[in-house]
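Before any comments, here is the structure.
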Amino acid sequence: MKTSTWICLAFALCLCSLRAQETDYAQGVLFLNEDWFGHQNSTINFLHPNGEWDYRVFQKENPGMELGGTSQYGTVFNQRLYIISKQDRDMGASISGGRITVCDAKTMKCITQIQNIATDSNGNSVADGRGFVGITPKKGYISTSNGIYVFNLETLHINGMIAGTGNDRGSLYSAQCGMMVCNKKYVFSVHQKKGLLIIDAQSDTVMQVIGAPFENGVQRGFGSVVQSKDSMLWLSVTADVNGSGKTVDYFLMFNPETFDTARILLPQGYGLPNSWYAWTADAFCASAQQNKLYWKKQDEGWFTSHQIVCYDIDKNECSDFFDSRESGWYIYCGAGFRVHPKTDEMYVSFYMDNLKQAYQTVRLSSGGELLASYEMIDNYWFPAMPIFPELSQEPNRPDTSEVSDSTAIGRPAVSLLRLYPNPTTDYVYVSGEYSQLQIYDLTGRLVQTHNAKPQIPVADMRPGVYVFCLTDIHGYKAVHKIMIR
């Protein structure tokens, strides 16, 4: 009896030890890699909080399985990791993965792989993977080289293409859909030829298309879309729609409530990156903690970029954030850096040369100071993007019938106020009840004070960005930024 008890105890201790050694992939930072095109499938590495690397963790946790070829996008949504690849298998690989790979975000165990997103009558793929956005726990969208597809997150089946998002030109790199942002009841997606697609997330229909500017006889395009902390959307502008990678010295701010746009001029040479000609998620991103945007300086070159640029939205200032020139490392051409949504630290992947297997990752503070450097084993990683743990709150998810708006219960009334239009020229309208509104310029100087007025005249104010501070009858405050033209 005693022997049996000791055996059970020993087995339990052994099992606990094994569980203690299991990696929680939701606690560190994942790095998705294209890997070596023409030779092997894509990979994903894991950087532990202590700075140690685990390599090829998808293969490690799923023996005999691999990702697809040229994986370019990954994100965590509702405790699952979604990885989107251009092809289901690299031409040099012996194992087929999937254009869509879904894993448990904590364990990295594969839940499903989907080889083809859409096929023709002969069973051949007609849509290479691009990006993913989660909408509700039941539904997401997959962007591709040929349209945007509805993805049932319960059955993990593709439910067909959204009409008006497709590619009628036949080429993989002529009329693609790329990055997407979900904001309340709409999904905003960039289309290489058409511009910004505004999709109703309930009916899965294109409600409106915002075209890029037409200037000097040339049709501009949009490269990517990101959302800043203040919920505004930002569109990188391409010099043309042909996938040349050429830039212009401005980008657009887009209001997802009013659909208004404002052009933000940039210093010469600070154009935002775009990569339609060999699609990546682009080195353009936003902080979740500060009202700041970051991008790779495109004019330095596709493979030889050193500089990361920061745009402070509140100050309307563009500045250099980090420069790797002295170190001899280059920022890889894809989405080689992103900002951690919780710590506000930036993780950047560097490489030496296309013909060298030397790579390293660095961690930067929110001010651009080098905090740590993480050396990597030799391999042709060709990093696609870092993937961070999921934020616990996602306030911009759509208010559809599929999800109840429990966040409104007990919320201060001031948080429900809406100011529009933004940008504006004559008036700012306030939707909802408040007791006082104070308007400040960006130096902190009080410009105007109003009491419970639904219509605020601003025509006499100088053009620029102003801070509107609203106070409700209980003393709660909310701050909105409004651009006055």
Side-chain angles (χ1 to χ4, degrees), residues 178-179 190 192 212-226 228 232-254 261-287 290-339 346 348-354 362 364 366-370 385 463-465 483:
M179 294 297 291
V190 286
Q192 182 179 359
F214 186 83
E215 300 170 325
N216 302 320
V218 178
Q219 178 62 61
R220 307 299 190 196
F222 294 137
S224 186
V225 58
V226 301
S228 53
M232 291 294 108
L233 302 185
W234 301 83
L235 293 158
S236 60
V237 181
T238 66
D240 53 51
V241 295
N242 301 320
S244 66
K246 294 179 181 178
T247 66
V248 295
D249 290 325
Y250 67 88
F251 64 130
L252 299 183
M253 181 179 72
F254 179 82
T261 61
R263 181 178 299 204
I264 310 298
L265 299 179
L266 296 169
Q268 185 175 2
Y270 279 73
L272 278 72
N274 63 89
S275 56
W276 286 117
Y277 51 95
W279 190 86
T280 73
D282 280 346
F284 177 37
C285 59
S287 166
Q290 302 183 78
N291 234 12
K292 292 182 177 181
L293 307 173
Y294 303 90
W295 62 86
K296 182 193 75 171
K297 209 171 182 181
Q298 179 89 338
D299 284 358
E300 288 190 298
W302 184 238
F303 292 106
T304 56
S305 179
H306 295 92
Q307 289 183 279
I308 298 173
V309 174
C310 174
Y311 175 72
D312 189 312
I313 298 169
D314 296 335
K315 296 180 180 178
N316 190 26
E317 290 180 356
C318 189
S319 61
D320 294 335
F321 180 75
F322 186 79
D323 194 324
S324 66
R325 187 176 288 108
E326 292 185 2
S327 68
W329 294 91
Y330 298 101
I331 305 169
Y332 186 57
C333 60
F337 64 85
R338 285 290 188 265
V339 181
M346 181 180 289
V348 190
S349 296
F350 288 109
Y351 81 122
M352 280 284 187
D353 185 271
N354 284 345
V362 301
L364 308 176
S366 59
E369 296 85 10
L370 180 64
M385 67 183 301
V465 177
M483 176 173 283

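From Gln290, atom CD reaches atom CD1 of Ile313 across 10.5 Å, with rounding to the nearest 0.5 Å. A distance of 14.0 Å separates CG of Asp249 from CD1 of Ile264, quoted to the nearest 0.5 Å. Note that OG of Ser327 is 7.0 Å distant from NE2 of His306, once rounded to the nearest 0.5 Å. For the atom pair SG (Cys318) and CG (Asp312), the distance works out to 10.0 Å, reported to the nearest 0.5 Å. Distance check: Lys296 NZ to Ile331 CD1 gives 7.0 Å after rounding to the nearest 0.5 Å.
Not one N or O on the side chain of Asn216 forms a donor-acceptor pair closer than 3.5 Å with the backbone of Val218. Asp323 places a side-chain N or O within 3.5 Å of a backbone atom of Arg325 that can act as its donor or acceptor partner. One N or O on the side chain of Gln219 and one on the backbone of Ala212 form a donor-acceptor pair closer than 3.5 Å. Formation of a donor-acceptor pair under 3.5 Å by the Arg220 side chain with backbone atoms of Ala239 is found in this model. Judged by distance alone, with hydrogens and angles left aside, the side-chain atoms of Asp282 form no donor-acceptor pair with the main-chain N or O of Phe284 at under 3.5 Å. Counting only distance, with no hydrogens or angles, the side chain of Ser275 and the backbone of Trp279 share no donor-acceptor pair below 3.5 Å. A donor-acceptor pair is defined here as one N or O able to donate and one able to accept, closer than 3.5 Å; such a pair exists between the side chain of Asn274 and the backbone of Lys246. When atom types are taken as modelled, the side chain of Trp295 and the backbone of Tyr270 share a donor-acceptor pair closer than 3.5 angstrom. Of the possible donor and acceptor atoms, one in the side chain of Gln192 sits under 3.5 Å from a partner among the backbone N and O of Val241.
Side-chain atoms of Gln307 and Phe322, non-hydrogen and from C-beta on, never get closer than 4.5 Å to each other.
Closest approach of Gly178 to Trp276, counting heavy atoms only: N-CH2, 3.6 Å. Across Ser228 and Leu293, no two heavy atoms sit closer than the pair CB-CD2, 4.1 Å. In terms of heavy-atom proximity, Ala286 sits nearest to Val339 at O-CB, 4.2 Å. Heavy-atom minimum distance, Ser236 versus Ser224: OG-N, 2.8 Å. Contact between Tyr294 and Phe337 at its shortest, heavy atoms only, is CB-CE1, 4.1 Å. Heavy-atom minimum distance, Ala281 versus Met385: CB-SD, 4.5 Å.
Between Phe251 and Tyr311, the angle of the ring planes goes over 60°, which puts this pair in the perpendicular group of the 30/60° scheme.
The side-chain contact (heavy atoms from CB on, under 4.5 Å) check on Val225 picks up Met179, Val181, Val190, Leu233, Leu235, with sequence neighbours excluded. Partners of Ser319 according to the side-chain contact (heavy atoms from CB on, under 4.5 Å) rule, which considers only residues two or more places apart in sequence or in another chain, are Cys310. Every residue was checked against the ring pair (Phe, Tyr, Trp, His ring centres under 6.0 Å) condition with Phe350, not counting sequence neighbours, and none meets it.
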Apply ring pair (Phe, Tyr, Trp, His ring centres under 6.0 Å) to residues Phe254 and Trp234 and explain how you reach the verdict.
CA-CA 6 Å; Phe254 179 82; Trp234 301 83; over 10 Å; no

Worked check of side-chain contact (heavy atoms from CB on, under 4.5 Å) between Leu272 and Val237:
CA-CA 7 Å; Leu272 278 72; Val237 181; over 6 Å; no

Do Phe321 and Lys292 pass the side-chain contact (heavy atoms from CB on, under 4.5 Å) test, and can you show the C-alpha distance, the side-chain angles, and the key distance before you say yes or no?
CA-CA 11 Å; Phe321 180 75; Lys292 292 182 177 181; over 6 Å; no

Let's go through Val465 and Asp314 carefully: what are the C-alpha distance in whole Å and the side-chain angles of both, what is the deciding distance for side-chain contact (heavy atoms from CB on, under 4.5 Å) to 0.1 Å, and is it a yes or a no?
CA-CA 7 Å; Val465 177; Asp314 296 335; 5.8 Å; no

